[in-house]
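Here is the structure we will look at.
Atoms within each ligand, like the ligands themselves, are counted from 1 in listed order.
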Amino acid sequence: MTRDEYLALVDDLTEHDRRYYVEAAPTISDVEYDRLLVRLRRAEADHPDWVVPWSPTQRVAPTPASSFPKVVRDVPMLSLDNTYDEDELRAFHDRVQKGLDGEPVGYVVEPKIDGFGIELTYRGGALALGATRGDGRIGEDVTANLRTVHGVALRLREPLDLIVRGEVYITKADFAAINAARVDAGEEPFKNPRNTAAGSIKQLDAREVARRPMRTILYELVDGERWCRGHAEALAMMRRLGLPTSSHNTLAHDWDQLRAAVESWRDRRDDLPYEVDGLVIKVDAFAQRAALGTTSKFPRWAIAYKFPARQVTTRIRELEVNVGRTGAITPVAILEPVDVSGTTVSRVSLHNWDQVARLDLGDGDRVLIEKAGEIIPQVLGVTERAATARWTAPSRCPSCGSELAREEGKVVLACPNQLGCPAQRQAAIEFFAGRGQLNIDGLGEKLVAQLLQAGLVHDVADLFDLTPAQLVTLDRFGETSAKNLVAALAEARAKATFSRLLAALGIPHVGGVVARLIAARFGRPSAMLAAADELDSEAFVAALCELDGVGEVIAVAVDRFCRDPHARRVMARLIERGLDVEEPRVEAGDGPLVGKVLVVTGTLSRPRGDIQKEIEAAGGKVAGSVSKKTSYLVAGADVGKTKLDAAAKHGVAVISEDDLGALLRGEPLAPADSDG
Ligand code: IVH
């Protein structure tokens with residue numbers, strides 16, 4: 001490399017840094033970036049006199065403005081050098097062998113968890129300090145936040161003084177649930193689990209942190225030679241002490257075993273519940289580690305083996321505009337299909353129109369897309385702009401032509417024509433028939449489309465008029481399927497309760513819990529409508545607000561529904577078809593929760609309805625929103641801020657699903673402890 005080539009490389013990397021950090025729109029993958037950086041480091045190592053102060057290698061990490069106390073550590077947290085293929089790994093092994101004068105060497109092979117590095121200090125077995133990695137030497141004291149992370153043992157099984165290091169992460173499933181909830185709430189989805197974990201740990205408010213379903217896996221015992229001969233022993237000791245370690249760590253006793261261990265991960269990478277971006281290969285024996293030593297940045301006894309990229313580029317064919325059940329208009333990019341680490345990606349949601357504007361997309365653009373594990377593929381940025389018009393948000397609904405509106409303070413653009421819009425009608429009928437609502441077996445997306453197309457169904461009430469004779473006229477619909485569907489409709493009607501019907505109608509803010517409150521108050525649909533007719537809007541809203549757990553926003557939505565002419569027609573016809581169904585009276589249970597009012601919110605491990613039933617069986621009441629009458633807010637993953645704020649305002653205790661379990665068993669609430 002010449003000096004000029006070196007300077008060009010500095011410029012190149014500086015530009016990629018800007019695109020990544022400033023524009024949040026990288027045009028090369030992380031792997032490609034790392035390769036360039038490696039070339040730069042090599043050039044600088046070979047020619048120290050070339051180094052310019054603006055080289056990306058000279059960047060001094062800025063100390064972020066924050067009010068976490070700093071932690072200065074004696075043993076710095078180093079990072080790892082990377083390898084990308086077998087040859088580079090072999091070169092590492094050769095260096096190790098050389099450094100050890102050809103002595104036999106054993107390695108521990110670990111998944112490289114794509115999370116956020118942390119350090120935990122225990123004194124007398126108790127968690128004394130939890131810190132971020134920071135710049136390696138100086139981190140931040142985030143003890144309060146780390147105490148909320150699943151797996152961070154608050155107390156070891158033995159009263160030892162020790163320091164361990166590891167990674168905080170969010171599972172792929174939890175991450176998907178968080179983002180689904182955010183998109184539902186009209187918020188920007190998070191970019192990836194790693195950033196979400198990092199951002200969460202650096203939240204100043206530990207209560208906010210507790211809402212994020214974070215976990216930890218620990219992988220280093222600092223000064224391990226005080227207790228053990230090698231790393232594998234240290235990991236076993238950590239586990240015995242109650243610290244979570246990966247169950248996927250393996251030992252390799254020579255090069256062949258190391259190669260086989262690495263090879264075995266080729267198809268297993270996606271099987272892990274969390275993101276891994278490679279493997280970490282570590283010399284096992286502590287004596288050998290000491291003999292090899294470290295450079296200023298990396299240990300010579302460990303290396304990362306990075307998996308191949310999951311980012312590829314492809315061309316956008318066109319923009320598809322989707323209309324959801326609630327009228328939300330979402331942009332979807334239709335792509336030339338590409339394989340991204342084993343799955344074909346041909347469409348990717350852009351979430352909202354702000355995102356489209358930010359990325360500045362148009363037909364024919366070449367884009368960088370990423371798909372990691374079960375995570376929904378996403379567009380990272382444009383690598384080549386086509387000379388076509390840029391996309392902008394539509395002003396009219398693609399399905400019904402209504403003028404679109406943006407709800408105040410929300411990023412979501414929506415079609416207001418709730419009941420007349422064909423696309424919303426399709427989605428609304430699918431929802432009505434879906435699991436968790438009326439549960440109409442066999443009535444899925446395709447059949448709903450067929451029924452609408454054939455003009456057999458216009459709204460949910462029409463479903464109950466369907467006859468086998470009509471159904472057999474549909475394409476590829478035999479007599480048996482026809483009979484089955486009619487039977488399924490009859491069964492759904494027989495099993496319907498007022499609250500399930502109400503929730504199935506898709507009134508904004510009216511989910512199962514709220515529907516049960518309203519249903520319990522009015523008894524049956526006709527009584528609710530009659531009450532709305534007797535009162536004016538204001539009085540009806542006030543009456544609804546009297547229900548413990550129903551707030552103004554909900555009440556207004558219900559009032560609006562009850563006065564909407566189309567909704568009224570559908571309701572009248574549902575009632576005529578036998579759906580003026582009663583709400584079964586729940587006998588208040590007798591148990592540990594008598595007199596308690598609980599609000600259940602966020603993503604939980606089980607259906608909300610099941611949890612509600614258990615609370616009621618234990619004598620408790622379930623409300624839809626937090627008020628001063630609330631005893632506990634049971635918070636699952638990604639609790640809404642509104643609920644937490646309300647809980648703080650009224651001094652309501654926020655508890656976890658596990659805590660609820662304890663309450664149901666009649667046990668007192670204990671501070672959380674965990675061994676992962
Ligand atoms: S060992 C000197 N083991 O990767 C030892 N690190 O690029 C350095 N990481 O900062 C760390 N999984 O945050 C180690 N099993 C694992 C790891 C791991 C993820 C992260 C860690 C570190 C970075 C190094």
Side-chain angles (χ1 to χ4, degrees), residues 30-31 33-34 37-38 41 61 73-84 88-89 92 96 107-120 130-140 142 146 149 151 163-171 192-195 197-198 201-202 214-225 230-232 234-236 238-239 243-252 261-262 265 269 272-286 288-290 292-307 372 676:
D30 292 357
V31 179
Y33 180 90
D34 281 352
L37 198 59
V38 167
R41 284 220 184 89
R73 50 176 69 88
D74 299 329
V75 187
M77 286 175 83
L78 300 174
S79 59
L80 294 171
D81 206 355
N82 291 325
T83 58
Y84 296 93
E88 291 178 1
L89 187 61
F92 164 74
V96 168
Y107 297 103
V108 177
V109 180
E110 305 178 356
K112 186 167 187 300
I113 304 138
D114 198 10
F116 180 71
I118 57 150
E119 181 180 79
L120 304 173
T132 65
R133 177 173 182 279
D135 69 358
R137 203 166 180 84
I138 303 176
E140 287 176 318
V142 288
L146 287 176
V149 172
I163 300 177
V164 287
R165 292 172 178 172
E167 209 81 354
V168 166
Y169 66 94
I170 295 178
T171 65
N192 60 46
R194 170 170 29 97
N195 289 357
I201 286 299
K202 294 183 144 212
M214 288 183 291
R215 300 158 199 253
T216 191
I217 285 181
L218 301 164
Y219 46 65
E220 279 295 318
L221 174 63
V222 177
D223 291 334
E225 60 278 7
H231 182 56
L235 288 169
M238 286 159 66
R239 210 166 180 65
L243 296 165
T245 57
S246 171
S247 55
H248 297 277
N249 299 339
T250 50
L251 259 171
V262 169
W265 277 96
R269 173 183 185 185
L272 293 182
Y274 43 82
E275 281 287 317
V276 288
D277 56 349
L279 303 172
V280 182
I281 290 130
K282 303 173 177 176
V283 168
D284 182 38
F286 289 140
Q288 293 186 334
R289 287 188 178 190
L292 289 163
T294 67
T295 68
S296 67
K297 277 201 155 154
F298 309 126
R300 291 202 185 85
W301 45 262
I303 197 120
Y305 176 87
K306 291 289 203 83
F307 289 140

> When you check the gap from the basic side-chain N to the acidic O, do R289 and E220 get nearer than 4.0 Å?
Replying inline: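 E220 and R289: salt-bridged.
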
> Does the side chain of Y219 come under 3.5 Å of the side chain of E167 through a donor N or O and an acceptor N or O?
Replying inline: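 Judged by distance alone, the side chains do pair up.
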
Any donor-acceptor pair under 3.5 Å from [X] side chain to [Y] backbone:
{"X": "T83", "Y": "A304", "value": "yes"}
{"X": "D114", "Y": "D277", "value": "no"}
{"X": "R269", "Y": "F307", "value": "no"}

>> Distance under 4.0 Å, heavy atoms only, partner ligand 1: which residues pass?
In response: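 These residues qualify: L78, L80, E110, P111, K112, I113, G117, R133, E167, Y219, V280, K282, P299, W301.
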
>> Over 60° means perpendicular and under 30° means parallel, so tell me whether H231 and F286 are parallel, tilted or perpendicular.
In response: perpendicular

